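To keep things clear, I will list the structure first and then write my remarks on it.
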Amino acid sequence: MKNLFKDAIKITNYNLILTIPLIIFIKILDLYSLYSKYTVDSVPKFILASITMLFMFGVFCAGWFYMVERAINLSKKVFVLDEDRAKATLNLFKTIPDGIGKFFLSFVGVYIMFFFIQVIVTPLVYLLGANIIGALDDASMLGLQQMVIDTSSSSNQGMAAFIDKLTPEQIIFFGKWSLLFMVVTSIIMYLLMLWIPEIIYKTQNPFAALWKSIAKLFKDFFTSFKLYISLWLMGFALLFINTFAVINPIAYIVMSIALFYFSVYFVVLIFLYYDRRFMEQVDDEKE
């Protein structure tokens, strides 16, 4: 397990260009979301915006995740000169069109399936929370509705004002609901952890890939669970630190860079785990 984390750091450091498509996509997504916020004022426009987001997601994921897989394969090669490694790393950009051509429809399917997973899970979580924790009282529900409707309350000041009005019992209540959503989200993300590598490496059908990836998780449960918990704790620590970094502009920039790096490292580590656990094992069996 330690070698897996170390090798993932090496691969990430050798292939920092993986951050470039990720940063560009996130910035384009932010700009398009901001543009849609002020222009989408009818159902046809909303449908068009949703379809555009779907295609953007499919194009980026197909090209970028295939690029990550190529970077994993590149790490297996031995380079005598650093210049040769640098050229090979830069050539990873050329694999993006190939990835889009191979996996675009697969990731369109992933987007649609993930949407329906949310639609199914959300009411189930609400029913579970209502039975275990209890439903929201009318006063708190009214406050939430006003906060959603009032655009000015979406800022930190509006949120702080809403929290100040809560009683200690209500704060505990919302804390329990937050914990429930965090636990359910963590479980779902664990179940989906190998979905993307399964699509890139073996099964382009997203529905079949989902079930096969879940089966592989439980086939190697202890290792995959330890890997997920380690990544979860690192991500939680970074996000916790990032909440305080917004106070200082320099700290915010540093943490933004750290989060982008961690995002690439997160993906590389999962792909590397899948490659070594489920691809090299198949090669060994063939030999």
Side-chain angles (χ1 to χ4, degrees), residues 1-27 29-30 33 57 60-61 64-65 67-69 71-72 107 110-111 114 117-118 121-122 125 156 174-200 210 213-214 216-218 220-248 250-277:
M1 180 68 76
K2 291 182 179 180
N3 291 332
L4 190 69
F5 282 90
K6 291 180 181 179
D7 292 341
I9 291 176
K10 291 179 181 179
I11 295 172
T12 304
N13 291 338
Y14 281 134
N15 300 277
L16 287 176
I17 62 170
L18 291 172
T19 59
I20 296 176
L22 179 62
I23 293 172
I24 292 174
F25 173 73
I26 291 177
K27 295 307 177 184
L29 193 63
D30 287 341
S33 299
F57 176 86
F60 167 74
C61 290
W64 191 64
F65 285 121
M67 188 180 177
V68 173
E69 187 266 340
I72 300 294
F107 283 99
V110 168
Y111 187 96
F114 190 75
I117 289 173
Q118 290 179 305
V121 170
T122 300
V125 173
N156 292 332
F174 281 114
K176 290 179 180 179
W177 270 98
S178 298
L179 180 62
L180 175 63
F181 278 113
M182 185 174 67
V183 170
V184 173
T185 301
S186 299
I187 293 173
I188 292 174
M189 295 310 296
Y190 171 70
L191 294 176
L192 301 180
M193 185 172 74
L194 298 182
W195 191 12
I196 303 304
E198 179 67 29
I199 291 174
I200 297 295
L210 177 59
S213 66
I214 293 175
K216 287 175 180 175
L217 274 178
F218 289 98
D220 193 30
F221 175 74
F222 291 105
T223 303
S224 64
F225 187 72
K226 285 192 294 184
L227 176 65
Y228 179 77
I229 289 297
S230 300
L231 287 171
W232 190 94
L233 290 174
M234 286 189 288
F236 181 81
L238 281 173
L239 291 175
F240 180 77
I241 296 172
N242 189 57
T243 56
F244 297 97
V246 295
I247 301 173
N248 188 296
I250 297 177
Y252 179 75
I253 293 173
V254 172
M255 283 307 303
S256 297
I257 295 172
L259 287 173
F260 276 117
Y261 179 88
F262 177 75
S263 299
V264 175
Y265 176 72
F266 179 93
V267 175
V268 168
L269 182 59
I270 292 176
F271 270 67
L272 184 62
Y273 163 72
Y274 185 97
D275 183 82
R276 292 186 177 179
R277 178 63 181 86

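As the structure is a prediction and not an experimental result, all values here were calculated from the model. The residues of the chain are indexed from 1 along the displayed sequence.
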Note to self: Holding to side chain to side chain donor-acceptor pair (under 3.5 Å), I want the full list of residues that pass it with T223, two or more places apart in sequence or in another chain.
What the structure shows: D220

Check: What's the verdict on side-chain contact (heavy atoms from CB on, under 4.5 Å) for L192 and L210, showing C-alpha distance, side-chain angles and the deciding distance?
Finding: CA-CA 7 Å; L192 301 180; L210 177 59; 3.5 Å; yes

Sequence-distant partners of [X], side chain to side chain contact (heavy atoms under 4.5 Å, CB included), two or more places apart:
X	answer
A237	none
S230	F5
I241	M255
I253	I257

Check: Please, which pairs that meet side chain to side chain donor-acceptor pair (under 3.5 Å) have at least one residue in residues 180-195, sequence neighbours excluded?
Finding: S186-W232, Y190-S224

Item checked: Of all pairs that satisfy side chain to side chain donor-acceptor pair (under 3.5 Å), the ones with a partner from residues 259-268, not counting sequence neighbours -> N13-Y261

Notebook entry, point to check: So which pairs with a foot in residues 190-200 pass salt bridge (charged side-chain N to carboxylate O under 4.0 Å, His left out), sequence neighbours left out?
Noted result: E198-K216

Run the ring-ring contact (aromatic ring centres under 6.0 Å, His included) test against [X] and tell me which residues pass, sequence neighbours left out.
X	result
Y111	F57
F181	W177
F222	none

Notebook entry, point to check: So with a 6.0 Å cut-off around CG of L233, is the heavy-atom count from everything else above 12?
Noted result: yes

[atom2] on [Y] to [atom1] on [X], rounded to 0.5 Å:
X	Y	atom1	atom2	result
I20	M67	CD1	CE	7.5 Å
L231	M189	CG	CE	11.0 Å
L22	I17	CG	CD1	13.0 Å

